[in-house]
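First the structure, in the form of structure tokens, and then the observations on it.
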2 protein chains.
Amino acid sequence: MNIGQAARDSGVSAKMIRYYEATGLIPKAARSYSGYRHYDERAIHTLRFIRRARAVGFSAVQIKKLLSLWQDRQRPAREVKQLAAEHLTEMKARISELESIAQALSQLIAHCHGDERQECPILDTLAGENSTKEFLEAHGASHMHARARRSRTK
Amino acid sequence: MNIGQAARDSGVSAKMIRYYEATGLIPKAARSYSGYRHYDERAIHTLRFIRRARAVGFSAVQIKKLLSLWQDRQRPAREVKQLAAEHLTEMKARISELESIAQALSQLIAHCHGDERQECPILDTLAGENSTKEFLEAHGASHMHARARRSRTK
DNA sequence: CTAAACCTTCCCATCGCTGGAATGTCAACC
DNA sequence: GGTTGACATTCCAGCGATGGGAAGGTTTAG
């Protein structure tokens, strides 16, 4: 099976399949005489595993561990659970970070009348010109850089 | 004032100040004879504005708009509020996306006994081998890539 | 034979930074 | 004057997970 079919069957784009191979997440695919990559059912299965793991937010590094745990029949469920739990903890941290930012932002918005007048507490606060100014400093959260979503349904 | 001092005063790193200049977020700084950038109080003020706006998660593009609104004495508060509200809406969307992923993940974790046995519902689900498999497919959320945080305090 | 539909590799862009290398400048001290 | 150290400059590269596209080779159907 060629890469296009593998992509359709697994739900992972051909681009990403090549990328996963290049970064060592999946082994190098066998090639046909003319250089085309070739995939079997097992490979598709792995790709689907990766897609689902990405869907629950695991990073490439974590997925690599999950894959090796998956392939290791001897591994105790404990190890998997621990990895997943660590990931969940990180996710929760990101969520509360975002929530505190959203909270701060809605405070700001709530205080702005939002009409045709020029006076605006949002800008004033960002400029550090009013009493609420320390309020932002308190939210040191600034350091997440959640990316804009890509529309899968483009 | 040189860039280093400006960085200390504004809380924006020298690297970032140069970056903001290069990307047009701030105007080109005046230079000394030997090429050193020079900043006045007004510039520091702007940098602080940017830092606070980043702290509440505004993107560079949004900040650019905010800056021009800030500098425009004629602008109605309405415009600012609208921009902020749009941003808040996006943030909330990201948050619920993350929350649904976290939710799915904790379900998975909850179903895993996590002891020395090999049987593990987490891996089984990722592999698509059990009844909960569609459960993941339902969470099409996968597409946020919130970045790992950077430690500011280092 | 030709056209379409594949495939290949390679490079570029995203976003908001951080790090480093190579080099130049300035101020203080001996 | 010379040296040292703390500055400054530019440029280049990388992070993470993708998408886009160019330039070219392959395969398959008509």
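The chains referred to below are lettered A, B, ... by the order of the sequence lines, with proteins before strands, and numbering in each begins at 1. In this text the structure is predicted, and so the values were computed from the model without any measurement.
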Ile17(B) atom CD1 is separated from dC17(C) atom P, nearest whole Å, by 12 Å
All heavy atoms of Thr125(B) vs all of Arg52(A), minimum pair found to be O-CD, 3.6 Å
Atom CD1 of Ile3(B) and atom P of dT25(C) are separated, to the nearest Å, by 17 Å
**Prompt:** Between Asp40(B) and Arg42(B), does at least one N-O distance fall below 4.0 Å, as a salt bridge requires?
**Reply:** no
**Prompt:** When you check the phosphate oxygens OP1 and OP2 of dC17(C), does a side-chain N or O of Ser13(B) lie under 4.0 Å from one of them?
**Reply:** no
Sequence neighbours excluded, the answer for side chain to side chain donor-acceptor pair (under 3.5 Å) partners of Arg75(A) is none
In numerical order, the residues of residues 23-49 of chain A whose heavy atoms come under 4.0 Å of DNA chain D are Ser34(A), Tyr36(A)
Tyr19(B) OH to dC17(C) P, in whole Å, measures 7 Å
In whole angstroms, the gap separating P of dC15(C) from CE of Met16(B) amounts to 13 Å
Within the side chain of Lys64(A), is there an N or O that forms a donor-acceptor pair under 3.5 Å with the backbone of Gly24(A)?
yes
Atom NZ of Lys15(A) and atom C1' of dC12(C) are separated, to the nearest Å, by 10 Å
The ring-ring contact (aromatic ring centres under 6.0 Å, His included) partners of His113(A) (sequence neighbours excluded) come to none
Whole-Å distance, Arg8(A) CZ to dA5(C) P, equals 12 Å
Whole-Å distance, Lys64(B) NZ to dC15(C) C1', equals 15 Å
* Asked: Does a side-chain N or O from Arg18(B) land closer than 4.0 Å to OP1 or OP2 of dA8(D), or not?
  -> no
Closest non-hydrogen contact found for Leu123(A) with Trp70(B) is CD1-CA, 3.7 Å
| Which is true for Ala14(A) with a 4.0 Å heavy-atom rule: it touches a base, it touches only sugar-phosphate, or it touches nothing? | nothing
What one should report as the nearest heavy-atom pair of Gln62(A) and Leu83(A) is O-CD2, 4.0 Å
Rounded to whole Å, the CG-P distance (Asn2(A) to dT26(D)) equals 14 Å
